[in-house]
Each structure stands twice: as structure tokens, then as C-alpha cells.
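In what follows, a single structure is set out as C-alpha cells and then discussed.
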There are 2 protein chains.
Amino acid sequence: FANRIAGVAHQMDVAKVTLVALMDRPGVAAAVFRALATRHVHADLIVQNIGHEGRTDLSFTVAADDLDIALETIAAVRDEVGARDVTARTGLAKVSVVGSGLFSSLDHAATMFSALSELGVNIDIISTSGIRITCVIDGGHVEEAVRAVHAAFGLEGEDRWQSTA
Amino acid sequence: FANRIAGVAHQMDVAKVTLVALMDRPGVAAAVFRALATRHVHADLIVQNIGHEGRTDLSFTVAADDLDIALETIAAVRDEVGARDVTARTGLAKVSVVGSGLFSSLDHAATMFSALSELGVNIDIISTSGIRITCVIDGGHVEEAVRAVHAAFGLEGEDRWQSTA
Ligand SMILES: C[C@@H](O)[C@H](N)C(=O)O
Ligand SMILES: C[C@@H](O)[C@H](N)C(=O)O
């Protein structure tokens, strides 16, 4: 069954922080995450796409309860990394699909993204690593989204509420 | 040992494709990856950061051998998703750190990014999912980068050349 996956996980009460247009040069990502680690802030999804004209955005998610300290920490490194802005949003959710590793994951992304789009759910961030795909979406749609993703992979009726995405 | 990780993996001969400034609305990511799946193109790292003014960039990596067909496929969906440009680069590499899941991953990102920055290696893309962090870097520095990351996590002397990142 080409769509075989190991599972669907999700996390609610997710907040994201984005350092907008920071300098795309060595040491910048290190400075941001060293500062967060020093203040014991656990940034669990980190995403940075390619740069444009020497600048790029760097986003990370934290539990909603950690947002204040995350923003305080980022404010302290902002000048060092040259971020032109810092934005934040709460009330988000993460949904992840974990490939089984035994079956081709060729169409896992298509299946997952289609399930979300059919609900009209916009995908805010996509981050993947290894056989796992994580999408950040609006928290208001998470239950429906998780059900739809399960159904898209032929997993209705299985235990749907799993641990951290 | 707070830096305990399960391993460091890497992949060489990586090519990336970026759809620049495509429309940030439901269905766009689905359209891109359905097209790739239909042409049997395996996009293994997919990354999309937040949008600005209704637009965002969407990047993915493929094996260098698949770049031509990936670009052909993307050219066919480009108008549908409103991408203002499509860029591509070869000669890249991916380096991943896999957390052990048993130890806090609070400073894994800081440790990994610092190791790369100390070599002056610029991080082009960061993508994470679950306990795994993947960085896309220039392929010319991969051996040195993998050694430095191993060393940063106290893993010198262990088997360094592992399978796909
Ligand atoms: C933006 C950031 O990732 C930068 N390129 C670095 O290497 O640290
Ligand atoms: C950009 C793309 O991810 C879009 N937001 C979608 O939901 O498909």
C-alpha cells in the first residue's frame, strides 16, 4: 500500500517566532540558538529557507507558555544577527506524518498537503527531516486536519491523538 | 551528557529547487508535490517558511540526477502556483543530527550550528522535524563539516560516514 506511514502526530498550543530578514552569513543561526539554549527555551521546529540578497528569515516554534521568554531572548540577539523585524504568532498547531521507512515516501507529501488543502487549511510552514514531514497550521483546524490526514493515508479508526509533533 | 545524540548523517550530490514567491494559499503545496509524485521525482527535504504579503518560497532537494526532470515538472506547474521565479543549485550536501530522544535536545541546534559556523560554513537551509535537524550546505565542505559536527557532539572516532541525511 503505497501510502503506508508509521503515524500521524500533532501538537497544539504552538507559538512561532520569526526573525525577518536576518543576515545570511555563518554564525547567525548559531547565535540565535545559543541564546535560546542559554535561557532554556526549547525551540522544537526550526526552519530557514534560502536567502535573497544576503538576507533570509529564520523561524522556530515553541510551546505557547515559552513565547514571552523566547521573545525576550530574541530581542537581545536581534541586533547581532541584523534581523529587520521579529514577528510572533500563537494559537498554531503542528501536524506531522512519519513515514514508515519501509515504503516509498514518494507521494507522502502530496497526500498530506492535499488532505489539508481539501479542507481549505493553509499551510504556514513546511519542515521535513528524514522520513518525517511537519506542517504548521492554524490551531483552530487541528482536529479536523488530523482526521483528514489520517483518512488520506487510510488510517481512519486508528488511534488518532498521538504525542508531540 | 547533555549533547547525547543518536548520530550524524549526511548526503552528497544534493540539488535544490526553489519556487520563489508563489501564492501562499491552500492547494499550492499540494499541486507542486502531486506533480512531482506523478513524475516519480523524490523530493526528500521540503521546506517552506512563513509568507510575506501572500507570497512565500517553497524549496525542496532532490538527488542531482533528478534535477532535470524536477525542473521540467516544476515548469509545468509554475503558472498554476504563481511562482515568480524558479531557481536551482547543484553541488550541495545535507548534514543531519538525529537526537537520541532520551536526552534533552535543548542545545542540539546551537551545538550543530556553532560547529558549522566555526568552519565558516554558511547554512543555506535549516529544516527540522521531530528530533532531527537537517542543514543544507555547500557540498565542497561536507567532509570537514561532518567531522566538525561529530566532534562537537563528542563523537570523534565513531563511524562517521552514515547513510542518507
Ligand atoms: C541564516 C543563517 O542560517 C546563516 N546562513 C548561518 O549560517 O548561520
Ligand atoms: C505555500 C503553500 O504551502 C500554501 N500555503 C499551501 O497551503 O499550500
Side-chain angles (χ1 to χ4, degrees), chain A residues 9 16 18 20 24-38 40-52 56-59 87 96 98 104-107 109-111 113-130 132-135 164-165, chain B residues 9 16 18 20 24-38 40-52 56-59 87 96 98 104-107 109-111 113-130 132-135 164-165:
Chain A
K16 78 172 162 176
T18 300
V20 180
D24 187 9
R25 59 163 183 70
V28 163
V32 172
F33 291 94
R34 269 201 304 263
L36 290 168
T38 301
H40 305 288
V41 176
H42 180 57
D44 54 22
L45 181 143
I46 301 168
V47 66
Q48 174 211 303
N49 206 340
I50 60 151
H52 290 287
T56 189
D57 294 349
L58 176 61
S59 296
T87 63
S96 293
V98 187
S104 161
S105 59
L106 187 55
D107 52 1
T111 302
F113 302 159
S114 296
L116 295 173
S117 78
E118 274 158 40
L119 289 180
V121 172
N122 196 49
I123 303 168
D124 189 33
I125 289 175
I126 299 169
S127 194
T128 54
S129 199
R132 183 178 177 130
I133 305 170
T134 298
C135 288
T164 303
Chain B
K16 80 173 160 175
T18 300
V20 181
D24 187 9
R25 59 163 184 70
V28 163
V32 172
F33 291 94
R34 271 201 303 263
L36 291 168
T38 301
H40 304 290
V41 176
H42 179 56
D44 53 20
L45 182 143
I46 301 168
V47 66
Q48 174 211 303
N49 206 340
I50 61 152
H52 290 287
T56 189
D57 294 349
L58 176 61
S59 297
T87 62
S96 293
V98 187
S104 162
S105 58
L106 187 56
D107 52 2
T111 302
F113 302 159
S114 296
L116 296 174
S117 78
E118 273 157 40
L119 289 180
V121 172
N122 196 50
I123 303 168
D124 190 33
I125 289 175
I126 299 169
S127 193
T128 54
S129 197
R132 183 179 177 126
I133 305 170
T134 298
C135 289
T164 304

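Everything quoted here is computed from the prediction, not taken from an experiment.
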*Please walk me through it: do A/Ser129 and B/Thr128 pass side-chain hydrogen bond (donor to acceptor under 3.5 Å, both in side chains)?*
CA-CA 5 Å; A/Ser129 199; B/Thr128 54; over 6 Å; no
*asked:* I need the residue from B/Gly27, B/Cys135, B/Ala35, B/Ser114 with the largest number of non-hydrogen atom pairs under 4.5 Å to chain A.
replied: B/Ser114
*Which region of A/Val41, side chain (C-beta onward) or backbone (N, CA, C, O), has a non-hydrogen atom less than 4.5 Å from a non-hydrogen atom of chain B, or is it both or neither?*
backbone
*asked:* Less than 4.5 Å to any heavy atom of chain A: does that hold for the side chain of B/Ile50, its backbone, both, or neither?
replied: both
*Which answer fits A/Val121, side chain, backbone, both or neither, if we ask what part of it has an atom under 4.5 Å from a heavy atom of chain B?*
backbone
*Which atom names give the shortest non-hydrogen contact between A/Ile46 and B/Ala109, and what distance separates them?*
CD1-CB, 3.5 Å
*Over all heavy atoms of both residues, which pair between B/Ala37 and A/Leu106 is shortest? Give the atoms and the distance, please.*
CB-O, 3.9 Å
*Measure the spacing between CG of A/Asp57 and CG of B/Asp57 and express it to the nearest 0.5 Å.*
8.5 Å
*Point-to-point distance, once rounded to the nearest 0.5 Å, from CD1 of B/Ile133 to CZ of A/Phe33*: 8.5 Å
_Worked check of side-chain contact (heavy atoms from CB on, under 4.5 Å) between B/Ile125 and A/Asn49_ = CA-CA 5 Å; B/Ile125 289 175; A/Asn49 206 340; 4.2 Å; yes
*Considering residues at least two apart in sequence or located in another chain, which fulfil the salt bridge (charged side-chain N to carboxylate O under 4.0 Å, His left out) criterion with B/Asp24?*
none
*Per-residue contact mode, B/His52 against chain A (heavy atom under 4.5 angstrom)*: side chain
*From A/Ser59 OG over to B/Gln48 CD, what is the distance, rounded to the nearest 0.5 angstrom?*
10.5 Å
*To the nearest 0.5 Å, what is the distance between OG1 (B/Thr134) and CZ (A/Arg132)?*
12.5 Å
*Contacts of type side chain to side chain donor-acceptor pair (under 3.5 Å), residue B/Arg25, not counting sequence neighbours*: none
